[in-house]
Amino acid sequence: MHDHRLAPPTRSDLDQLDPEILQRELGTLMRRYLGSRSAPMARAVAGHLEALCCHPEFFGSNDERCVYLRLVRQWRWLADQDTAAVLH
């Protein structure tokens, strides 16, 4: 698991991870988000979801990939809501 107190992993860092590791990290990140409700954590979830969808070794069905892509949009929206609240 990446230490998210340091710089967040880059897309190329995430692309190097096995899809099973990405899926495990997603669960941990989502639980952390529930405790923090922070935009950076929501962005981390979205980044992991995107990396999983684009990973050449991810063998999910088309339906499963569509679910993940919808989740990316939802997590990006959550990150944007937190950012928008700070700006107002």
Exercise: identify the closest heavy-atom pair between [X] and [Y]:
X	Y	value
A39	A79	CB-O, 3.6 Å
L22	L17	CD2-CD1, 3.9 Å
A44	L29	O-CD1, 4.0 Å
R76	G47	NH2-N, 4.0 Å

ask   = Quick one: does R37's side chain have a donor or acceptor within less than 3.5 Å of a partner on Y33's backbone?
value =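 No, because the side chain of R37 does not come within donor-acceptor range (under 3.5 Å) of the backbone of Y33.
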- [ ] Examine distances only and state if a side-chain atom of H55 and a backbone atom of E50 form a donor-acceptor pair shorter than 3.5 Å.
- [x]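 No; zero donor-acceptor contacts below 3.5 Å.
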Exercise for review: Say whether V45 and L69 are linked into one hydrophobic cluster, either directly or through other cluster members, by side-chain heavy-atom distances under 4.5 angstrom.
Suggested key: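 No, separate clusters.
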Do [X] and [Y] come close enough that some side-chain heavy atom pair is under 4.5 Å?
X	Y	result
D80	W77	no
W75	R70	no
M30	L34	no

TODO: May I have the step-by-step check of side-chain contact (heavy atoms from CB on, under 4.5 Å) for Q23 and Y68, ending in yes or no?
DONE: CA-CA 11 Å; Q23 287 176 315; Y68 278 108; 3.1 Å; yes
Interatomic spacing from [atom1] in [X] to [atom2] in [Y] - rounded to 0.5 Å:
X	Y	atom1	atom2	answer
E57	L52	CD	CG	11.5 Å
R65	C53	CZ	SG	6.5 Å
R73	L49	CZ	CG	11.5 Å
L26	I21	CG	CD1	12.0 Å
R32	M41	CZ	CE	5.5 Å
C66	L71	SG	CG	11.5 Å

Worksheet item: Counting only heavy atoms not in E20, do more than 12 sit closer than 6.0 Å to its CD atom?
Response: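 Open.
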